[in-house]
Number of protein chains: 2
Amino acid sequence: MNLSKKVNAPMIAPIKCSQCPIRHRAVCARCDDDELTLLESIKTYRTYAAGDVILWRGEPLEFVASVVQGVATLSKTMEDGRTQMVGLLLPSDFIGRPGRENIEFDVTATVDVTLCCFDRPKFEKLVNETPHIAQRLMELALDELDAARDWMLLLGRKTAREKIATFIEMLARRSSHGQDGNKDIIDLHMTRDQIANYLGLTLETVSRQFSALKKDGVIDFSDRKHFTVEDIAALQEETGDDADGGVVY
Amino acid sequence: MNLSKKVNAPMIAPIKCSQCPIRHRAVCARCDDDELTLLESIKTYRTYAAGDVILWRGEPLEFVASVVQGVATLSKTMEDGRTQMVGLLLPSDFIGRPGRENIEFDVTATVDVTLCCFDRPKFEKLVNETPHIAQRLMELALDELDAARDWMLLLGRKTAREKIATFIEMLARRSSHGQDGNKDIIDLHMTRDQIANYLGLTLETVSRQFSALKKDGVIDFSDRKHFTVEDIAALQEETGDDADGGVVY
DNA sequence: AATTTGCCTTGATACAGATCAAAGAATCAT
DNA sequence: ATGATTCTTTGATCTGTATCAAGGCAAATT
């Protein structure tokens with residue numbers, strides 16, 4: 001899910017890989033050549049079109065995977081159709097849980113997605129034999145858990161305006177290129193409806209809050225899916241989070 | 001957090017331990033004698049009175065621990081005092097994250113709590129050298145992640161009535177003694193205010209929903225902190241969850 | 001036993017965000 | 001290009017839950 005990154009998280013050195021360098025960053029930062037060769041030998045690629053469901057809830061998990069390209073969402077749906085997104089997968093994020101046969105949510109591609117997949121039994125064997133991969137996966141799970149808990153605070157206690165501000169700030173942090181990342185044009189990736197499902201709101205409320213933040217000069221839209229942050233300080237003020245770096249995305 | 005347990009989760013055999021058997025179930029199901037001895041040698045006990053803060057957010061983590069007795073909560077607080085509980089720790093649950101210096105939430109004892117603590121650096125050394133402990137900790141983290149995601153659906157999309165019904169059903173499942181666990185007297189452990197912080201509600205709404213469920217004959221209170229489930233089918237109906245066992249607590 | 005204190009319940013009212021509705025953009029298909 | 005479809009915006013209204021307020025009960029203290 002990767003919403004939250006500690007500032008002092010250990011830096012993972014990128015590792016050369018002809019086809020999908022990103023994968024090794026996600027799965028393993030310290031594999032030796034033999035292990036990398038093993039990973040190579042059990043990997044396959046899969047691609048999904050925007051809107052495709054990658055995995056249905058309850059479906060047996062045949063593979064674990066790393067996102068190479070695109071954006072996928074994790075979501076839960078109630079009987080009557082209410083849905084809640086419970087995670088966002090960006091490149092380098094990991095799908096699947098060694099030791100688990102099933103997942104408890106749907107995974108859907110919001111744009112075209114490429115996955116680097118590893119056969120689950122073989123991957124699990126590798127995990128069993130390679131302690132630092134198990135450790136790395138635990139760290140990934142703990143990162144996701146931190147992110148999930150930040151999101152619980154958002155869902156349970158934040159106002160619509162704070163939710164939207166938090167969401168935008170997260171996107172700004174993630175997509176900032178330079179050190180001084182404001183004024184970059186940021187891609188929204190999702191529809192208003194999907195954002196609403198992420199934030200526990202309706203699409204109309206999302207739209208209204210975007211309009212309000214634009215009117216107040218905090219952000220500016222170049223088109224429906226692209227915007228710039230005009231006043232990053234004001235934006236941070238609106239998130240409701242502590243001013244100090246308690247929550248760092 | 002341990003809210004959700006998969007029915008098909010691998011059964012962890014209890015391991016004999018003179019002082020805190022529960023700990024070994026939490027940390028490790030397959031340790032050999034040498035490893036257990038190592039664990040023994042780095043453990044200490046700490047106790048906390050009801051209401052004590054066990055760990056403040058941001059505080060450096062000196063130990064990791066396993067809950068031996070009592071109930072503790074994980075919570076996040078906003079500048080203006082709004083708080084959201086993001087986890088519940090019951091006996092056998094684990095506190096702390098190997099590889100992490102800090103935690104991002106407060107840990108508070110709601111009743112008297114006994115922890116079995118392990119010095120963090122020493123524990124991490126053990127994790128590094130013992131692959132199956134890392135695996136076990138990853139499984140614990142994944143269980144918590146599943147629970148956190150169920151809670152996200154609750155916080156983002158459920159009505160007050162559904163939230164309360166879900167909460168009660170969770171308690172009922174956890175504290176049921178016999179196979180046919182209904183009609184047991186269930187202990188609420190927490191105040192209305194704490195429940196409200198868990199469910200993203202106010203204490204008045206919690207109180208009103210309890211009263212409503214009692215009036216409708218779904219539950220019955222013997223006193224403020226103790227109740228019985230009078231109609232388990234109706235209760236499950238009210239949670240909004242799928243009738244089939246999608247979510248199993 | 002009386003008093004304090006900390007929860008808890010219930011009522012009245014307010015309001016944020018949901019819902020219902022309709023008209024504008026943008027994208028897609030023909 | 002043209003029409004169809006899908007997404008977005010904006011307005012009007014409704015409603016579930018928060019907020020404000022007052023009193024009740026039970027455990028703890030004197």
Side-chain angles (χ1 to χ4, degrees), chain A residues 49-51 73 78 80-84 108 110-112 153-168 187-216 219-227 238 240, chain B residues 49-51 78 80-84 108 110-112 154-168 187-216 219-227 238 240:
Chain A
T73 62
M78 295 172 68
D80 62 3
R82 280 175 284 174
T83 77
Q84 176 64 51
T108 312
T110 53
V111 297
D112 292 356
L153 175 63
L154 176 143
L155 292 172
R157 292 301 183 199
K158 288 191 178 180
T159 64
R161 179 138 175 150
E162 288 168 339
K163 286 177 175 181
I164 294 287
T166 305
F167 176 70
I168 290 175
D187 193 334
L188 217 42
H189 293 301
M190 315 178 206
T191 65
R192 301 290 185 269
D193 189 49
Q194 290 171 326
I195 296 168
N197 284 335
Y198 199 17
L199 299 175
L201 297 170
T202 60
L203 67 97
E204 293 94 334
T205 299
V206 171
S207 178
R208 277 185 244 274
Q209 295 298 335
F210 276 149
S211 300
L213 284 174
K214 178 177 176 171
K215 186 168 78 60
D216 296 345
I219 55 174
D220 194 37
F221 279 88
S222 46
D223 68 51
R224 289 171 167 188
K225 287 264 171 68
H226 298 270
F227 67 93
E238 299 275 6
Chain B
M78 295 172 68
D80 62 3
R82 281 175 283 175
T83 77
Q84 176 64 52
T108 312
T110 53
V111 297
D112 292 356
L154 176 144
L155 292 172
R157 293 300 185 200
K158 288 191 178 181
T159 65
R161 178 137 175 152
E162 287 168 340
K163 286 176 176 181
I164 293 288
T166 305
F167 177 70
I168 290 175
D187 192 335
L188 218 41
H189 293 301
M190 314 180 207
T191 66
R192 302 290 185 267
D193 190 49
Q194 290 171 325
I195 296 168
N197 285 334
Y198 199 17
L199 299 175
L201 297 170
T202 59
L203 68 96
E204 293 94 334
T205 299
V206 170
S207 178
R208 279 185 243 273
Q209 295 299 335
F210 276 150
S211 300
L213 284 173
K214 177 176 176 172
K215 187 168 76 59
D216 296 346
I219 56 175
D220 194 37
F221 280 89
S222 47
D223 67 51
R224 288 172 169 190
K225 288 262 171 69
H226 299 270
F227 66 93
E238 299 275 6

Exercise. Please tell me which of the listed nucleotides, D/dA21, C/dC8, D/dT9, lies nearest to the side chain of A/Leu203?
Key: D/dT9
Exercise. Consider the side chain of B/Leu201, meaning its heavy atoms from C-beta on, and name the nucleotide among C/dC20, D/dT19, D/dT17 that approaches it most closely.
Key: D/dT17
Exercise. Would you mind telling me which residue lines up with the more 5' stretch of DNA chain D, A/Thr191 or B/Arg161, judged by nearest nucleotide?
Key: A/Thr191
Side chain proximity check, [X] to [Y], heavy atoms < 4.5 angstrom:
X	Y	value
A/Arg161	A/Asp216	yes
A/His189	A/Gln194	no
B/Leu188	B/Phe221	yes
B/Arg157	B/Glu162	no

Measure [atom1]/[X] against [atom2]/[N] and give the value in whole Å, please.
X	N	atom1	atom2	value
A/Leu154	C/dG17	CG	P	12 Å
A/Glu204	D/dT13	CD	P	16 Å
B/Leu213	C/dT9	CG	P	12 Å
A/Leu199	C/dA16	CG	P	19 Å
A/Phe221	D/dT10	CZ	P	11 Å
B/Arg192	D/dT17	CZ	C1'	18 Å
B/Lys225	C/dC7	NZ	P	8 Å
A/Lys163	C/dG17	NZ	C1'	9 Å

Would you tabulate the side-chain donor-acceptor contacts of residues 206-215 of chain B under 3.5 Å, counting partners in other chains and residues two or more places apart, or write 'none'?
unit_1, atom_1, unit_2, atom_2, d
B/Ser211, OG, B/Ser207, O, 3.0

OP1, OP2 of [N] versus side-chain N and O of [X]: anything below 4.0 Å?
X	N	value
A/Thr202	C/dA18	yes
A/Thr205	C/dA18	yes
B/Ser207	C/dT9	yes
A/Arg224	C/dA25	no

Quiz item: For B/Met190 and A/Gln209, take the nucleotide of DNA chain C holding the closest heavy atom to each; which residue's nucleotide lies nearer the 5' end?
Solution: B/Met190
Practice problem: Kindly say whether, by distance alone, the side chain of B/Arg208 makes a donor-acceptor pair under 3.5 Å with the base of D/dG16? | Solution: no
Quiz item: Do B/Arg82 and D/dT19 share a donor-acceptor pair, side chain to base, under 3.5 Å?
Solution: no
